[in-house]
Number of protein chains: 2
Amino acid sequence: MPRAATTSDVFNAIAEPRRRDILSFLALEERSVGDIVSALSLGQPSVSKHLRVLKDVGLVQARRDGRQMLYRTNLDAMKPLHEFAETFQQMWRRQLKRIKVRAEGM
Amino acid sequence: MPRAATTSDVFNAIAEPRRRDILSFLALEERSVGDIVSALSLGQPSVSKHLRVLKDVGLVQARRDGRQMLYRTNLDAMKPLHEFAETFQQMWRRQLKRIKVRAEGM
DNA sequence: TTGACACATTCCTTCATCGGCATATAATCC
DNA sequence: GGATTATATGCCGATGAAGGAATGTGTCAA
């Protein structure tokens, strides 16, 4: 069995560094494909393909404006990722607390 | 160019659902490989291989105890993931705030 | 309608992955 | 040492990712 498709879930989609870069770039404001190409200095087909993946998992939303397509990050779709990270973050805080308590008891 | 190695970074390592399951299982307490095998009902070689990947990126730490190896999640290694998620979380909160402010102004 | 601009898709090649099975290593016990 | 338990590794086959180059689709302007 090969690796799961990049479009299978958010985790596989963000495994690619370039896709994370794109998400960050699109998080603050809507941007055209050309903007992404020049900002991240990637090939245009490459960017389009990455955007396709991100769109398939709902991480970006697209809107046509004349000849260009405007993309933006859909923050809501990050939820699974955030929830996963948050679980461990909470454990980490508890661990720190335990260490602190132990230190105080000495 | 094929996909990046699963051991190239934390993001690629956690792309696999089983590996996320393993991380969750090992987050609370140290566990042996056999424990993981029976808890997640996976093949033993499969689990060993997943653990290898997780270990290579520092997401788990191993310790030998007699014949068995005890693994535990290294919460600290989750940092890149958490930082990435947190960035968008903050934006999301700001977005909500903006919506709220706009609603109040009406 | 023809041409230019903005993006999307296809084809191709090159790998690394994941699971299953068999086998190797390692530690313990008798 | 030999057998047993616990884990790791190697080999295999099937599948899909990613980049590059070329081509397709869509929109506007004259």
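Below, chain A is the first sequence line, B the second, and so on; all start at residue 1.
- In this structure, the CG atom of Leu42(A) is 14 Å from the P atom of dA8(C), given to the nearest Å.
- With rounding to whole Å, Leu70(A) atom CG is found 15 Å from dA8(C) atom C1'.
- To the nearest angstrom, P of dA18(D) lies 12 Å from CZ of Arg20(A).
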Sequence neighbours excluded and cut-off under 3.5 Å, please list the side-chain donor-acceptor pairs for residues 51-59 of chain B, or say none.
residue, atom, partner, partner atom, Å
Arg52(B), NH1, Asp56(B), OD1, 3.0
Arg52(B), NH1, Asp56(B), OD2, 3.4

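- A sub-4.0 Å separation between OP1 or OP2 of dT9(C) and a side-chain N or O of Arg52(A) is present.
- In this structure, Thr6(B) reaches the sugar-phosphate backbone alone: every heavy-atom distance under 4.0 Å involves primed, P, OP1 or OP2 atoms, never a base.
- Summarising the geometry, the separation between CD on Glu16(B) and P on dA17(D) is reported as 13 Å, rounded to the nearest angstrom.
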Practice problem: Sugar-phosphate means primed atoms, P, OP1 and OP2; the rest is base. With that split, encode nucleotides 20-30 of chain C 5' to 3' as B, S or - using protein heavy atoms under 4.0 Å. | Solution: BBB----SBS-
Exercise. Toss me the dot-bracket line for DNA chain C: Watson-Crick and G-U wobble, both under 3.5 Å, 5' to 3', using | for pairs to another strand and [ ] for crossers.
Key: ||||||||||||||||||||||||||||||
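- Sequence order on DNA chain C of the closest nucleotides to Val47(A) and Pro2(A) puts Val47(A) first from the 5' end.
- If you measure from atom CG of Asn12(A) to atom P of dA16(C), you get 18 Å, rounded to the nearest angstrom.
- Comparing dC18(C), dA8(D), dC7(C) by their closest approach to the side chain of Met1(A) singles out dC18(C).
- Under the salt bridge (Lys or Arg N to Asp or Glu O under 4.0 Å) criterion, the residue pairs touching residues 59-68 of chain B are Glu30(B)-Arg63(B), with sequence neighbours excluded.
- Contact check for Gln61(A) versus Tyr71(A): no side-chain heavy atoms found under the 4.5 Å cut-off.
- One N or O on the side chain of Thr73(A) and one on the backbone of Leu23(A) form a donor-acceptor pair closer than 3.5 Å.
- A donor-acceptor contact shorter than 3.5 Å is absent between the side chain of Ser48(A) and the backbone of Pro45(A).
- Counting only distance, with no hydrogens or angles, the side chain of Ser38(B) and the backbone of Asp35(B) share a donor-acceptor pair below 3.5 Å.
- Atom CD1 of Ile22(A) is separated from atom P of dA18(D) by 11 Å (rounded to the nearest Å).
- Applying the salt bridge (Lys or Arg N to Asp or Glu O under 4.0 Å) test to residues at least two apart or on different chains, the pairs with a partner in residues 73-88 of chain B are Glu86(B)-Arg93(B).
- As judged by a 4.0 angstrom heavy-atom cut-off over every strand, Met69(B) is placed among residues touching the sugar-phosphate backbone only.
- Side chains of Ser24(B) and Phe88(A) form a contact here, defined as non-hydrogen atoms less than 4.5 Å apart.
- The closest donor-acceptor contact from the side chain of Asn12(A) to the backbone of Ala15(B) lies under 3.5 Å.
- Salt bridge Arg31(B)/Glu29(B): present, at least one basic N to carboxylate O contact under 4.0 Å.
- A heavy atom lying under 4.0 Å from DNA chain C marks the following residues of residues 27-37 of chain A, by number: Ser32(A), Val33(A), Gly34(A).
- Of the residues near DNA chain C, His50(B) and Tyr71(A), the one whose nearest nucleotide (by heavy atom distance) lies more toward the 5' end is Tyr71(A).
- No donor-acceptor pair closer than 3.5 Å links the side chain of Arg19(A) to the backbone N or O of His50(A).
- Ile14(A) places its CD1 atom 13 Å from the P atom of dA18(D), with the value rounded to the nearest Å.
- Candidate nucleotides dA8(D), dA17(D), dT15(D) were compared by shortest atom distance to the side chain of Leu51(B), and dA8(D) ranks first.
- Atom CZ of Arg3(A) is separated from atom P of dG16(D) by 13 Å (rounded to the nearest Å).
- Leu26(B) and Leu42(B) fall within a single hydrophobic cluster, where Ile, Leu, Val, Met, Phe, Trp and Tyr are joined by side-chain heavy atoms under 4.5 Å apart, directly or via other members.
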